[in-house]
Engineer: 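Below is a structure I'd like to ask you about.
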Number of protein chains: 2
Amino acid sequence: MFTLAEENYLKAIFHLENDYGTGVSTNAIADKMDTRASSATDMIQKLADKKVISYQKYKGASLTKKGKSIAVNIIRKHRLWEVFLVEKLDFQWDEVHEIAEQLEHIKSDELIQRLDLFLGNPDFDPHGDPIPDKNGYIKPTEKKLLSKLKKNQQGICVGVKESSAKFLQYLDTRKIGIGSSIKVIDKEDFDQSMTIQVSNKQFFITKQISENLYLKTI
Amino acid sequence: MFTLAEENYLKAIFHLENDYGTGVSTNAIADKMDTRASSATDMIQKLADKKVISYQKYKGASLTKKGKSIAVNIIRKHRLWEVFLVEKLDFQWDEVHEIAEQLEHIKSDELIQRLDLFLGNPDFDPHGDPIPDKNGYIKPTEKKLLSKLKKNQQGICVGVKESSAKFLQYLDTRKIGIGSSIKVIDKEDFDQSMTIQVSNKQFFITKQISENLYLKTI
DNA sequence: TTTATTTTTTAGGCTTGTCTAAATTTTAAG
DNA sequence: CTTAAAATTTAGACAAGCCTAAAAAATAAA
Ligand SMILES: [Mn+2]
Ligand SMILES: [Mn+2]
Ligand SMILES: [Mn+2]
Ligand SMILES: [Mn+2]
């Protein structure tokens with residue numbers, strides 16, 4: 001059985017490997033966990049002892065099959081609970097992450113299986129992130145950052161890269177959400193800023209925004 | 001803010017004061033928490049420092065107003081989650097306690113308020129225990145142990161004193177649940193055993209059973 | 001290819017919550 | 001009232017997770 005801290009480290013390593021490739025540095029882990037490098041080293045050594053990561057001194061860490069499976073299961077729980085909070089309890093998408101951070105550690109396979117059923121076996125969480133199935137399989141989806149689109153291209157918003165409350169609230173003010181149709185009206189070469197159209201309204205966004213919105217192009 | 005361990009001790013002290021009166025002994029607490037007396041003493045001292053119990057060396061502990069309020073809130077959360085598990089996820093009443101023991105520590109007032117609403121502001125949990133309202137008020141209900149009934153008296157089962165999975169499963173085999181109508185057909189003076197009737201079936205129960213079933217007499 | 005900088009690990013400490021063993025206090029017996 | 005037993009507290013230790021400061025290794029610069 002794994003402690004809350006261990007589970008959080010495994011999840012962090014999973015996301016880091018996902019985002020930046022295999023072999024995660026001590027500093028990267030410490031950064032993500034908001035702890036000191038020495039604390040990260042301690043935990044890395046413990047996780048290596050438990051065979052959930054492979055690790056050689058100074059060479060970074062990678063999840064083993066077992067470690068990955070644990071991490072994915074936590075992510076599955078996190079995302080299912082987020083769906084519950086939004087779909088059943090009417091929370092907004094910017095309010096659910098912190099609560100799901102707690103709920104993801106509740107230990108009961110039966111609970112998650114029943115929750116999944118209760119929610120109608122959803123494929124995505126409120127932020128557009130895919131929900132791994134009970135075997136840990138994550139269906140690959142083709143999605144593209146808005147920043148990669150050229151003038152006159154368009155698509156449907158299917159996810160956010162950043163999912164901080166701040167960013168999500170910004171999107172709310174612009175009426176952008178999962179399912180929104182977005183078209184690039186104009187793109188500035190110099191700073192990658194864009195004018196986009198969202199349901200007959202046009203406005204200006206910076207690169208920082210377009211780099212955090214995933215679209216499915218049509 | 002209170003740690004998980006602190007919350008569990010507060011809850012234990014609340015239940016002990018409820019069951020056996022004010023001023024709870026170190027041993028009683030250690031017993032309920034399944035720890036050693038020395039560990040209980042450590043925690044008692046910490047909780048006294050935090051002003052959530054009043055305590056004098058060798059004299060036992062009692063919850064302060066603040067401590068009681070924290071304890072009741074945890075119990076509220078526990079019971080609401082139990083309702084959720086049974087009503088929404090179709091768990092049996094003997095399967096929910098352990099999961100609720102975890103869920104009761106999730107920290108979010110908003111979550112509990114919304115959960116309460118989602119469940120239709122239930123008054124009782126699946127074991128017949130009252131759910132404190134958000135101000136910590138517990139509506140007093142008149143209920144009587146089956147063991148107190150005399151021959152030919154009857155009532156409706158409104159709760160269980162013991163709520164171990166074992167006991168609940170025993171009740172299931174006899175088709176006894178919340179709402180069941182129970183009549184005392186015969187009572188043996190010597191050992192307090194009874195013959196009872198539950199929906200046109202009669203059977204024999206020991207004192208140990210009748211002392212753990214709450215009825216509302218009619 | 002040395003030297004300087006950055007990254008990582010180690011050493012030693014702290015807090016929480018637990019334990020065993022021993023000391024102390026209270027309560028029960030004689 | 002004195003002694004024995006039971007309850008409670010204290011002392012000292014340990015694991016988990018974190019920290020700071022210092023040492024060691026890897027990487028970058030000169
Ligand atoms: Mn989240
Ligand atoms: Mn999410
Ligand atoms: Mn319960
Ligand atoms: Mn209950």
Side-chain angles (χ1 to χ4, degrees), chain A residues 1-14 16-17 19-63 67 70-71 74 101-102 104-105 107, chain B residues 1-14 16-17 19-63 67 70-71 74 101-102 104-105 107:
Chain A
M1 210 42 51
F2 290 83
T3 66
L4 190 140
E6 288 168 346
E7 288 188 348
N8 281 332
Y9 272 93
L10 287 173
K11 192 173 50 131
I13 296 167
F14 176 86
L16 289 167
E17 280 199 276
D19 291 354
Y20 309 110
T22 199
V24 181
S25 76
T26 300
N27 269 354
I29 295 170
D31 228 64
K32 183 142 247 180
M33 292 301 298
D34 203 24
T35 59
R36 298 304 178 142
S38 55
S39 306
T41 299
D42 285 348
M43 184 56 88
I44 288 167
Q45 289 170 344
K46 195 176 0 154
L47 294 175
D49 287 348
K50 290 195 170 192
K51 315 281 190 199
V52 287
I53 63 176
S54 56
Y55 163 69
Q56 297 175 80
K57 265 190 192 181
Y58 296 101
K59 302 291 179 186
S62 300
L63 294 177
I70 293 165
I74 296 163
E101 284 290 307
Q102 300 179 61
E104 70 188 6
H105 300 289
K107 284 170 180 60
Chain B
M1 211 41 51
F2 290 83
T3 66
L4 190 139
E6 288 167 346
E7 288 189 348
N8 281 332
Y9 272 92
L10 287 174
K11 191 172 50 130
I13 296 167
F14 176 86
L16 289 167
E17 280 200 276
D19 292 354
Y20 309 109
T22 198
V24 181
S25 76
T26 299
N27 269 353
I29 295 170
D31 229 63
K32 182 142 248 180
M33 292 301 298
D34 202 25
T35 59
R36 298 304 179 149
S38 54
S39 307
T41 298
D42 284 348
M43 184 58 87
I44 288 167
Q45 289 171 346
K46 193 174 4 152
L47 293 175
D49 287 348
K50 290 195 170 192
K51 315 282 190 198
V52 287
I53 63 175
S54 56
Y55 163 69
Q56 295 174 82
K57 265 193 191 178
Y58 297 101
K59 301 292 178 185
S62 301
L63 293 178
I70 293 166
I74 296 163
E101 284 291 307
Q102 300 178 60
E104 71 188 7
H105 300 289
K107 283 169 181 61

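All figures in this text were calculated on a predicted structure; none of them were measured in a lab.
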Engineer: Using the test side-chain contact (heavy atoms from CB on, under 4.5 Å), find all partners of B/Q102 that sit at least two apart in sequence or belong to another chain.
Structural biologist: A/I106, A/K107
Engineer: Please state how far atom CG in B/N27 lies from atom P in C/dT25, giving the value in whole angstrom units.
Structural biologist: 18 Å
Engineer: Enumerate the residue pairs fulfilling salt bridge (charged side-chain N to carboxylate O under 4.0 Å, His left out) with a member in residues 23-41 of chain B, sequence neighbours excluded, ordered by first and then second residue.
Structural biologist: none
Engineer: Which donor-acceptor pairs under 3.5 Å do side chains of residues 22-30 of chain B form with protein atoms, sequence neighbours excluded?
Structural biologist:
unit_1, atom_1, unit_2, atom_2, d
B/T22, OG1, B/E17, OE2, 2.8
B/T22, OG1, B/S62, OG, 3.2
B/S25, OG, B/A28, N, 3.0

Engineer: So, for B/A61 and B/I53, which heavy atoms are closest and what is the spacing to 0.1 Å?
Structural biologist: CB-CD1, 3.9 Å
Engineer: Tell me which pairs pass salt bridge (charged side-chain N to carboxylate O under 4.0 Å, His left out) where either residue lies in residues 48-63 of chain B, with sequence neighbours left out.
Structural biologist: B/E6-B/K50
Engineer: Would you jot down, in residue-number order, the residues of residues 30-40 of chain B having a non-hydrogen atom under 4.0 Å from DNA chain C?
Structural biologist: B/T35, B/R36, B/S38, B/S39
Engineer: For B/L4 and C/dT16, what is the distance between atoms CG and C1' respectively, to the nearest whole Å?
Structural biologist: 12 Å
Engineer: Can you sort out which residues in residues 47-59 of chain A have a heavy atom within less than 4.0 Å of DNA chain C? Ascending by number, please.
Structural biologist: A/Y55, A/K57, A/Y58
Engineer: Nearest 0.5 Å please: distance from the CG atom of A/N8 over to the CD1 atom of A/I13.
Structural biologist: 11.0 Å
Engineer: Whole Å only: how far is the CG atom of B/D42 from the C1' atom of C/dC19?
Structural biologist: 10 Å
Engineer: Under the rule for salt bridge (Lys or Arg N to Asp or Glu O under 4.0 Å), what residues qualify as partners of A/K11, not counting sequence neighbours?
Structural biologist: A/E101, A/E104
Engineer: What integer distance in Å separates A/I44:CD1 from C/dT8:P?
Structural biologist: 8 Å
Engineer: Reckon A/Q45 has a side-chain N or O less than 4.0 Å from the OP1 or OP2 of C/dT10?
Structural biologist: yes
Engineer: What are the two closest heavy atoms between B/Y58 and B/Y55, and how far apart are they?
Structural biologist: N-OH, 4.4 Å
Engineer: Just jot down the side chain to side chain donor-acceptor pair (under 3.5 Å) partners of B/T35, sequence neighbours excluded, or say none.
Structural biologist: B/Y9
Engineer: Restricting to non-hydrogen atoms, name the atom on B/L63 and the atom on B/A71 that form the minimum distance, rounded to 0.1 Å.
Structural biologist: CD1-CB, 4.2 Å
Engineer: Shorter than 3.5 Å, N or O on both sides, protein versus nucleotides 14-16 of chain D: list them out with atom names.
Structural biologist:
none

Engineer: Quick check on D/dA7: is either OP1 or OP2 less than 4.0 Å from any side-chain nitrogen or oxygen of B/S25?
Structural biologist: no
Engineer: Looking at every non-hydrogen atom in both residues, tell me the closest pair between A/I74 and A/E7 and how far apart they are.
Structural biologist: CD1-CB, 3.4 Å
